[in-house]
Structure formats: structure tokens, C-alpha cells
Amino acid sequence: MSVAGSSTALLEGGEGPPLILLHGGIECGGAYWAPVIASLARSHRLVVPDVPGLGESEPLPRLNAASFCEWFEALLSETTSSEKPMLVAHSLTGSLAARFAATTTGQLQSLFLYAVPGIGPFRMPIGLMVASIRFGLRPSEANFERFLPWPFLEAGRTREREPEWFDAFSAYMVSQGSVPHVKRTMRQVMAAGKKRVGDAELRRIDVPTALLWGERDRMTPLSLANDTSGRLDWPLHVVHEAGHVPHIEQPRAFVEALREGDGGSPSITAD
């Protein structure tokens with residue numbers, strides 16, 4: 001699909017109220033939502049795009065807050081024109097989604113900011129920076145394995161639960177890490193996504209907004225979520241025994257947290 005001049009890869013499926021799953025700053029794009037897609041598609045019409053320059057989407061000349069907002073508004077127009085969607089936005093790209101929600105009106109039904117660094121005081125841990133740079137310079141299987149302890153609380157346990165999917169996910173990450181435009185886009189997403197969105201801007205978000213976090217997130221600490229929840233009076237839903245990617249580590253608990261955050265709607269059900 002052509003969106004704002006970029007050929008955008010996306011998955012659509014399911015029936016019900018529209019729900020957009022927006023991936024974070026990750027080479028594979030929306031493929032990492034796979035563990036929760038089947039559950040959520042039972043109650044929602046899902047739209048799962050690859051952000052320009054990541055996954056299978058073509059890159060923009062430059063991905064920053066302005067170009068992201070232009071692309072995302074066009075995506076909404078192409079995919080959800082008849083009904084406002086719920087948006088779940090993860091990690092670095094969630095910072096850009098927060099800026100979008102703060103500068104537009106009437107576009108969303110509700111917003112879940114999921115392990116998003118830009119909504120509070122954030123400093124990337126040195127170890128994470130080293131692991132990210134090492135994988136970016138040499139996207140090998142070994143360097144990907146060295147990176148895994150940052151997003152995952154227990155990568156080995158997750159691999160044991162779904163070994164075929166996890167191995168395919170890992171191989172795709174390593175493959176995508178070698179693509180020049182993916183490397184470039186990752187640098188741009190990291191630069192844009194780490195920038196703090198000021199509280200005055202966040203308070204302009206005019207739709208129900210909630211935070212969703214892994215209890216033991218090493219990349220974006222739960223303390224950031226607690227602080228933001230207290231400052232802005234946004235409800236916080238915590239997935240226990242999970243790191244930065246609860247939708248992969250604890251998919252049932254992640255879906256349940258979405259259900260609770262959506263007012264306890266019985267339409268969202270965990271397997």
C-alpha cells in the first residue's frame with residue numbers, strides 16, 4: 001500500500017473495532033506482534049504496519065517526528081476512515097505516536113503508550129547502547145544473542161515456548177540488520193524516539209490514554225512509567241514477570257492488560 005509516498009507493508013485481519021499495533025524501533029517491523037495477533041483478531045480488525053524503512057516497508061528520505069506524523073495520518077486515512085481506532089504504540093516509535101496524538105484531534109479512539117521512553121526522563125543505559133551499536137555494526141547471530149537480555153527478561157524461556165517462531169524471528173532480525181536503509185532508519189528512529197515529549201504537549205492529547213509496561217523492563221524502566229502516571233494521571237497497567245516486550249514474553253497477560261485498559265471490555269479476550 002502506498003502511504004504518504006512510501007510503499008508500506010501491513011497486515012490487516014479480524015473483525016470488530018479497529019486496533020492499530022505500532023511496533024517500536026526494531027529492524028523486523030511489525031512481525032514481532034505475531035504472538036498476540038490471533039487473540040486480538042478475534043475481537044478487533046487489526047492493522048499492523050511496518051513503519052517506513054523497517055520490516056518490508058520502503059524508507060522515507062528521513063524519518064523524524066514530522067515525517068512520521070504525515071505518514072501515520074495518511075495510514076489512518078487509508079485503513080480506518082470509517083471508525084476511529086485504538087492505537088497501541090510501543091517503545092521508540094511510541095514517542096512519535098505520542099507527538100502525533102498531541103498535535104491532532106479526532107483521529108483516535110484511545111491510546112496505549114507501551115514502554116515508551118519519550119514520555120518521561122530517559123537515559124539509555126550504557127550497556128544497551130553498547131549492545132545496540134555492536135549489533136548495528138555487525139548484525140550477526142552472536143551479537144543478536146548478546147542483545148537479547150535487554151528486551152527480554154528470560155529469552156531462553158520464551159524461546160522454549162515457541163522455538164520455531166523465535167528462531168525465525170531471530171533469523172529475520174539478523175537478516176534485516178544488514179540492510180542499509182534499515183540501518184539508517186534505525187539510527188533516525190533512535191534519535192527521534194529518545195527525545196522527550198514535554199508534559200505541556202502530552203496534556204494536549206485529547207483521547208483516553210493509558211500506559212502499559214513490563215514489570216522488569218531493563219530498557220525503559222518501570223519507574224519512568226510510575227512517574228509519568230503520577231504526573232499526568234494516566235492509568236498504568238503492568239505485566240508481571242516480563243521485560244520490554246511482554247506481548248512476546250507474556251502474551252496472555254499482555255492481552256489481559258489491554259482488556260483492563262479498555263475499560264474491562266469483554267471483547268478483548270486472552271487465550
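Just so it is clear, the values below take in all heavy atoms, side chains as well, and ignore hydrogens, waters and symmetry mates.
- Remark: side-chain polar atoms of S175 are not paired, donor with acceptor, to backbone N or O of A171 under 3.5 angstrom.
- The number of heavy-atom neighbours closer than 6.0 Å to CZ of R203, taken from other residues, nucleotides and ligands shown, is above 12.
- Grouping the Ile, Leu, Val, Met, Phe, Trp and Tyr side chains by contacts below 4.5 angstrom, directly or via other members, places L148 apart from V130.
- Side-chain contact between H237 and E256 is absent, with no heavy atoms from C-beta onward closer than 4.5 Å.
- Residues S91 and H244 bring a donor and an acceptor atom of their side chains to less than 3.5 Å of each other.
- Using a 4.5 Å heavy-atom threshold, the side chains of I26 and C28 count as touching.
- By the 4.0 Å N-to-carboxylate-O rule, R157 lies too far from E160 to be salt-bridged with it.
- The ring pair (Phe, Tyr, Trp, His ring centres under 6.0 Å) test applied to F144 returns F135, not counting sequence neighbours.
- Cluster annotation: Y172 is not connected to L21 through the hydrophobic network of ILVMFWY side chains, with a link wherever side-chain heavy atoms come within less than 4.5 Å.
- Residue pairs meeting the side-chain hydrogen bond (donor to acceptor under 3.5 Å, both in side chains) criterion with at least one member in residues 103-123, sequence neighbours excluded, are Y114-H247.
- The shortest distance between side-chain heavy atoms of W71 and V51 falls below 4.5 Å.
- Using the six-membered ring where Trp is involved, H90 and Y32 have ring planes that are tilted, between 30° and 60° apart.
- What you find for I205 and A98 is that their closest heavy atoms are CD1-O, 3.9 Å.
- If you chain together hydrophobic residues whose side chains sit under 4.5 Å apart, L153 and I248 never meet in one group.
- Between T220 and A115, the closest heavy-atom pair is OG1-O, 3.7 Å.
- Within 6.0 Å of the CD atom in E83, the count of heavy atoms belonging to other residues, nucleotides or ligands exceeds 12.
- Looking at L137 and N143, their side chains never come closer than 4.5 Å, going by heavy atoms from C-beta outward.
- Within the 4.5 Å cutoff, the side chain of M186 has heavy atoms near those of the L54 side chain.
- Under a hydrophobic clustering in which Ile, Leu, Val, Met, Phe, Trp and Tyr are joined whenever their side-chain heavy atoms come within less than 4.5 Å, directly or via other members, M124 and L224 fall into the same cluster.
- Put simply, the residue from V48, T79, D50, L46 that forms a side-chain contact (heavy atoms from CB on, under 4.5 Å) with L10 is T79.
- Scanning both residues, C69 and L96, for their nearest heavy atoms gives SG-O, 4.4 Å.
- Counting heavy-atom neighbours within 6.0 Å of K195 NZ, excluding the residue itself, gives a total of 12 or less.
- Aromatic rings from F147 and W150 are positioned such that their centres are separated by 6.0 Å or more.
- Looking at every heavy atom in both residues, V239 comes nearest to A257 through CG2-CB, 4.1 Å.
- Checked for salt-bridge contact, E145 and R159 meet the test: a charged N lies under 4.0 Å from a carboxylate O.
- The pair R196-D199 meets the salt-bridge criterion, with a side-chain N (NZ, NE, NH1 or NH2) lying under 4.0 Å from an Asp/Glu carboxylate O.
- Side chain to side chain, N64 and S67 meet the donor-acceptor criterion of an N or O pair below 3.5 Å.
- Applying the ring pair (Phe, Tyr, Trp, His ring centres under 6.0 Å) rule to F100 yields the partners F72; only residues at least two apart in sequence or on another chain are considered.
- Contact of the R184 side chain with the R62 side chain is not registered, since no non-hydrogen atoms from C-beta on lie closer than 4.5 Å.
- Closest approach of G193 and S95 over heavy atoms only: O-OG, 2.8 Å.
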